Amino acid sequence: MSTPLQNHEPAPKVTVIGTGYLGATHAVCMAIMGFDVLGVDVDQRKIDLLSSGRVPFFEPGLPEKLEEALASGRLRFSTDFDEAAAFGDVHFVCVGTPQAADSSAADLTYVDAAFTALATRIDRKALLVGKSTVPIGTAARITAMVQSVSPLGEELELAWNPEFLREGFAVQDTLFPDRLVFGVSSPWAEQQLRRVFAPILDLDTPAIVADLATSELVKVAANSFLATKISFINAMAEVCEATGADVNHLAKALSLDDRIGGRFLKPGLGFGGGCLPKDIRAFKYRAEELGVGQAVSFLGEVDSINNRRRVRTVDLIRELAGGDLAGVRVAALGAAFKPNSDDVRDAPALDVARLLYLEGAIVSVYDPEANANAHRAYPDLNYVESMAEAVEQADVVALLTEWAEFRNADPDTLGALVNHRRILDGRHALNANDYTSKGWQYRALGRPAQAATVELASDLRDETPTLAV
Ligand code: UDX
C-alpha cells in the first residue's frame, strides 16, 4: 500500500468494536494504513491475545500484519467502552450476527448492545459505522435507537459499510477490496468515510455511495448470488448422478462462457461457514417479514440443495464401504468449512463426519488447523494429529475439505497405510487418474462411478493468493 496517509491529514481516529475475523482484520489493516486504532471487545481473552500479538483464530498473513501494526504504535486493544467513546472519530461496529437460536432470523443482540454502549457514551460529533451483516432496515432502526439514547441526539450519525472479506483472504480483501460500499444519510457521513478509506480510494477502488437500506442489501444479495451459483452447479451434479453425466466436464464447459464464469461454480460438498448459510436464511426470513418472501423463496431451495450434498456424500461413502457403515473405519480428511481456515461453523465436512458417526462408522477426523474448534463443536468424534494417522487402516478415505496437504498427497503412500484403497473426493480436488491407476476405487459427487478421469475443475478453485501487501 503506497499511499502515505499524511496526504489526508488530519486523520480521523478509528475504533473497531468486535475483534472476531472481521473486526480484528479491520483494526489491523486500518493501523497498517496509518490510522490510530483502538480495537474493543467484551471478551478479555481475545483482547489479551491480540494485545500480545497473537491472533485468536487461523488467518494466513494476519499474525504478521498484527505484529507490524502493534510495532507501529498505532494499534491498541481494550475492553473499555468509555475509552472507545473518548478516542474515536469514526467507530466501526464489527460484532457477529449469528443465526437466532429459535428461527432463521439474524440475532441482533450483539449489534444492538455495541451501538447502545457507544451511543450512551459519545459526547462529541462522531460517526458510527456498521460493518456487520444485518437484515434490511436495521440501520434505520439503529439510527433512531442511538439518537434516542445519546447525549448528542440527532447529531450522532450512522452509516453502513458492508464488508466482503473472505476467510483465508482476509488481509488481502481488506487492504485491496473489489469495491467499497458507503451507505450514508448525509454528505458529512460520506466525507468521513472517504477520509477513513482514503488510502484505498487512492488505489482507484470503486466506491458505491448509497442509502442505508441499499448498503445492507448489497451484502446479503452478494452472498445469496454466490450461494445460488454453488447450489446451481450442485443441483446439476444431482442431475448428473441420475444420468451418468459428469459434472466436472459440465462445470468446465459452462465456465468458458464469459457470461457465466468459473468462480463459485466448483461442484462438491457445498458451502458452509459463518456467512453464506446464515445470511441466505436471514435474508429469506427478512424478505418474508417485508412481504416480498416470494422474491427470494428460491433461497430455500439453494439451502436444501446444499444440505442434500452432505447426505449424498454419506451415501457414496456407504456405497464404497459395501452398503453398510456400521463398524467401517473412515478417514475424514478436513473439518473446516473450507481450506486455509479453522472455522467449523456450519462446516459441511464436519457434518458429514457426524452423520457417518451416527451410522456407526469409526471416524478419524484430521484437519491441519481446525481440529481444536471441531473438537469443541463435536467432542464425540475421534480427532487425530496427522493425515497418516487418520488413514491408518481406513476402509474408506473421505476428502471433505480441500487443503493442499490432501490435494498433494501421494496415492501410493496413502495406499500403503489404508485397509482398502477406496476414496471419496468430496471436493473434486484430486486427479482421479492418479488414484485409479494405483488401484483405488474413486468416487466423487456428480461423476459416474467409472468416470473418465480427465481433470477439468482445478481451475475453478479459489486459490489462496500470494499476499501482495
Ligand atoms: C463469504 C463471501 O465470499 C464473502 O464475500 C463474505 O464477506 C463472507 O462470506 P467465506 O465465508 O470466507 O466468504 O467463504 P467463501 O470463500 O465465499 O466460501 C464459502 C463456501 O462455499 C465454502 O464452504 C466453500 O468451500 C464453498 N464453495 C466455494 C464451493 O463449494 N464451491 C465454490 O465454487 C466456491
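The analysis underlying the following values was restricted to heavy atoms, covering all of them including side chains, and did not include hydrogens, waters or symmetry mates. Position 1 is the first residue of the sequence; numbering continues from there. Since we're looking at a predicted model, the values are computed, not measured. When a ligand or atom number is given, it counts from 1 through the structure's own listing order.
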Ignoring angles and geometry beyond distance, decide whether [X] reaches within less than 3.5 Å of ligand 1 through its nitrogen or oxygen atoms.
| X | value |
| --- | --- |
| Leu276 | no |
| Arg263 | no |
| Pro348 | no |
| Lys266 | yes |
| Ile230 | no |

Just wondering, more than 12 heavy atoms not from [X] lying within 6.0 Å of its [atom1]?
| X | atom1 | value |
| --- | --- | --- |
| Glu67 | CD | no |
| Phe57 | CZ | yes |
| Phe298 | CZ | yes |

For this session: Return yes when Gly268 approaches ligand 1 closer than 4.0 angstrom through a heavy atom, no otherwise.
Result: no
List ligand 1 atoms under 4.0 Å from [X], heavy atoms only on the residue side.
| X | result |
| --- | --- |
| Glu167 | 12 (O) |
| Cys275 | 8 (C), 9 (O) |
| Gly270 | 23 (O), 26 (C), 30 (O) |
| Lys219 | 6 (C), 7 (O) |
| Leu165 | 4 (C), 6 (C), 7 (O), 8 (C) |
| Phe271 | 20 (C), 21 (O), 23 (O), 26 (C) |

Exercise. Hey, are Asp346 and Arg310 close enough for a salt bridge, meaning a charged N less than 4.0 Å from a carboxylate O?
Worked result: yes
For this session: Compute the centroid of each ring, for Tyr378 and then for Tyr357, and state whether the two points are separated by less than 6.0 Å.
Result: no
If you measure from each non-hydrogen atom of [X] to ligand 1, which part falls under 4.0 Å: side chain, backbone, both or neither?
| X | value |
| --- | --- |
| Leu226 | side chain |
| Leu269 | neither |
| Arg427 | side chain |

Exercise. Does a donor on one side chain sit under 3.5 Å from an acceptor on the other, for Lys278 and Thr133?
Worked result: no
Expected list for residues 19-35: side-chain donor-acceptor pairs under 3.5 angstrom, two or more places apart:
residue: Thr19; atom: OG1; partner: Asp41; partner atom: OD2; Å: 3.0
residue: Tyr21; atom: OH; partner: Asp342; partner atom: OD1; Å: 2.9
residue: Thr25; atom: OG1; partner: Tyr21; partner atom: O; Å: 2.5

Problem set entry | ring pair (Phe, Tyr, Trp, His ring centres under 6.0 Å) partners of Phe283, counting only residues at least two apart | none
